[in-house]
Chemist: 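Below you will find the structure I want to go over with you.
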Amino acid sequence: MRSIRLFAATHLQAGQTVTLPATAAAHALRVLRLKSGDAVTLFNGDGHEYPARLVTAGARDAHAEVMSQASPVRESPLRVTLIQALARGEKMDWIIQKATELGVTRIVPVTTERSEVKLDAGRGEKRLDHWRAVATAACEQCGRNVLPAIETPTGLSAWLETSHAPEADLRWMLHPEGAARVRDLPAISPAALDLAIGPEGGFGDNDLAALRAQDFRELALGPRILRTETAGVAAIAALQALHGDL
């Protein structure tokens, strides 16, 4: 039996009847064609989920009665921050979707020395809203009840200047000439890890110098050079298998 999960950015508690946000209502009524009495699971990012049932399903809005609260453990014990060089269009959407499914805690979109994608402040805010919607939909699909934080796009150097006291126990950047491999990493699991992924063409010399100055070590994913939209997902999966919950 399929589980219908809907994000509702509002306070939720058992016994409450809530009006579903317009986006969630449209998805439930027009896409899924749910009707009054159908079961749904609501979540609002607080780490819990709330089994509910639709009590009204009108042409334009829907209301749901929250039946109970559940707290399944679906967050990884490894807190991964993905520092991702901006990729074009759907590639960036795919990266955010898959990183969310794999349990990353935070995503930092950055421009780098060789980045082809440049965003001004206005476009950056629009893309940020879009990426957060992509991550929310990914949480609906994969069962996460905590949304990953997605930061406003910024320059790599600017972001590094604000991270002199990182929360991460380890900081890695992917580089095809890196001496370290995932299989060689210490068996002791870190609590938090930063992972930097370059653009197509890789990090430039200035990027590499800036990353090394902030204690990022070079990690290679074997002898093949992966695309930017593949590299991060592959690395996160490997690191989650080694230190997380895969």
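This structure is a prediction, so every number in the text was calculated from the model and none was measured. Reckoned from all heavy atoms, side chains included, excluding hydrogens, waters and symmetry mates.
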Chemist: Are the side chain of Asp129 and the backbone N or O of Lys126 linked by a donor-acceptor pair below 3.5 Å?
Modeler: no

Chemist: With a 4.5 Å limit on heavy-atom distance, are the side chains of Val40 and Arg53 in contact?
Modeler: no

Chemist: Verify the cluster assignment for Val18 and Phe43: are they in a single hydrophobic cluster under the rule of side-chain heavy atoms below 4.5 Å apart?
Modeler: no

Chemist: Any side-chain to backbone donor/acceptor pair from Asp169 onto Ala191? Under 3.5 Å, distance only.
Modeler: yes

Chemist: Just by modelled atom types, is the Thr10 backbone N or O under 3.5 Å from a matching donor or acceptor in the Asn44 side chain?
Modeler: yes

Chemist: Donor-acceptor pair, distance only, cut-off 3.5 Å: does the side chain of Asp207 make one with the backbone of Glu113?
Modeler: yes

Chemist: Should the pair Asp93-Arg127 be classified as a salt bridge under the 4.0 Å nitrogen-to-oxygen rule?
Modeler: yes

Chemist: Just checking Arg217: does its CZ atom have more than 12 heavy atoms from other residues, nucleotides or ligands closer to it than 6.0 angstrom?
Modeler: no

Chemist: If I compare all heavy atoms of Ala180 with all of Leu219, which pair ends up nearest, and what's the gap?
Modeler: O-CD1, 3.6 Å

Chemist: Near Leu246 CG, under 6.0 Å, is it more than 12 heavy atoms from other residues, nucleotides or ligands?
Modeler: yes

Chemist: Please check if Val182 and Trp172 belong to a single hydrophobic cluster, counting links between Ile, Leu, Val, Met, Phe, Trp and Tyr side chain heavy atoms closer than 4.5 Å.
Modeler: yes

Chemist: What pairs of residues pass the side chain to side chain donor-acceptor pair (under 3.5 Å) test when at least one of them lies in residues 193-203, not counting sequence neighbours?
Modeler: Arg171-Asp194

Chemist: Cluster question for you: counting only ILVMFWY and a side-chain heavy-atom cut-off of under 4.5 Å, with indirect links fine, are Val146 and Leu102 together?
Modeler: no

Chemist: Main chain of Leu226, side chain of Thr230: is a donor-acceptor contact present, judged purely on distance under 3.5 Å?
Modeler: no

Chemist: Can you see which heavy atom on Ile4 is nearest to which on Ala39, and at what distance?
Modeler: CB-O, 4.2 Å

Chemist: Any sub-3.5 Å donor-acceptor pair from Arg181's side-chain atoms to Gly178's backbone N or O?
Modeler: yes

Chemist: Can you tell me how far SG of Cys142 sits from CD of Glu101, rounded to the nearest 0.5 angstrom?
Modeler: 6.0 Å

Chemist: Where do Ile83 and Leu195 land on the side chain to side chain contact (heavy atoms under 4.5 Å, CB included) test, with the steps shown first?
Modeler: CA-CA 6 Å; Ile83 303 100; Leu195 177 67; 5.7 Å; no

Chemist: Verify the distance criterion only: is there a donor paired with an acceptor across the side chains of His63 and Thr19 at less than 3.5 Å?
Modeler: yes

Chemist: CD1 of Ile107 to CD1 of Ile150: how many Å apart, nearest 0.5 Å?
Modeler: 4.5 Å

Chemist: Are the side chains of Trp94 and Val233 in contact, using a 4.5 Å heavy-atom criterion?
Modeler: yes

Chemist: Between the side chains of Arg74 and Glu49, is the shortest nitrogen-to-carboxylate-oxygen separation below 4.0 Å, so that they form an ion pair?
Modeler: yes

Chemist: Does any non-hydrogen side-chain atom of Gln214 lie less than 4.5 Å from one of Glu161?
Modeler: no

Chemist: Provide the closest heavy-atom pair for Leu29 versus Ala62 in the form atom of the first, atom of the second, distance.
Modeler: CD1-CB, 4.1 Å

Chemist: Is there a side-chain contact between Gln13 and Gln69 in this structure, where contact means two heavy atoms from C-beta onward sitting under 4.5 Å apart?
Modeler: no

Chemist: What distance do Phe203 atom CZ and Arg212 atom CZ have between them, rounded to the nearest 0.5 Å?
Modeler: 11.0 Å

Chemist: Determine the minimum heavy-atom distance between Pro51 and Ala70, stating which atoms define it.
Modeler: CD-N, 4.4 Å

Chemist: Side-chain contact test, heavy atoms from C-beta onward, threshold under 4.5 Å: evaluate it for Pro148 versus Trp131 and give yes or no.
Modeler: no

Chemist: Could you pull out all residues at least two apart from Gln141 that satisfy side chain to side chain donor-acceptor pair (under 3.5 Å)?
Modeler: none

Chemist: Checking side-chain polar atoms at under 3.5 Å, does Asn206 have a donor or acceptor matched by the opposite partner on Arg114?
Modeler: no

Chemist: Have Arg106 and Thr81 got a donor and an acceptor in their side chains that come within less than 3.5 Å?
Modeler: yes

Chemist: Side chains of Leu160 and Val110, heavy atoms from C-beta outward: is any pair under 4.5 Å?
Modeler: no

Chemist: For the atom pair OG1 (Thr41) and CE (Met67), what is the distance rounded to the nearest 0.5 Å?
Modeler: 12.0 Å

Chemist: Does Leu86 form a side chain to side chain contact (heavy atoms under 4.5 Å, CB included) with Thr112? I'd like the steps, not just the answer.
Modeler: CA-CA 8 Å; Leu86 288 171; Thr112 64; over 6 Å; no

Chemist: Could I get the full list of side chain to side chain donor-acceptor pair (under 3.5 Å) partners for Asp46, not counting sequence neighbours?
Modeler: Tyr50

Chemist: Give a yes or no on whether Ile96 and Leu147 share a hydrophobic cluster (residues Ile, Leu, Val, Met, Phe, Trp, Tyr; joining criterion: side-chain heavy atoms under 4.5 Å apart).
Modeler: no

Chemist: What's the separation between atom OG1 in Thr23 and atom CG in Leu6, rounded to the nearest 0.5 Å?
Modeler: 11.0 Å

Chemist: Do we see a donor-acceptor contact under 3.5 Å between the side chains of Gln84 and Thr228?
Modeler: yes

Chemist: Indicate the atoms forming the closest heavy-atom contact of Thr56 with Ser36, along with that distance.
Modeler: N-OG, 4.2 Å

Chemist: If only atom types and distance count, is the side chain of Arg5 paired as donor or acceptor with the main-chain N or O of Cys139 below 3.5 Å?
Modeler: yes

Chemist: Roughly how far apart are Leu239 CG and Leu193 CG, rounded to 0.5 Å?
Modeler: 5.5 Å

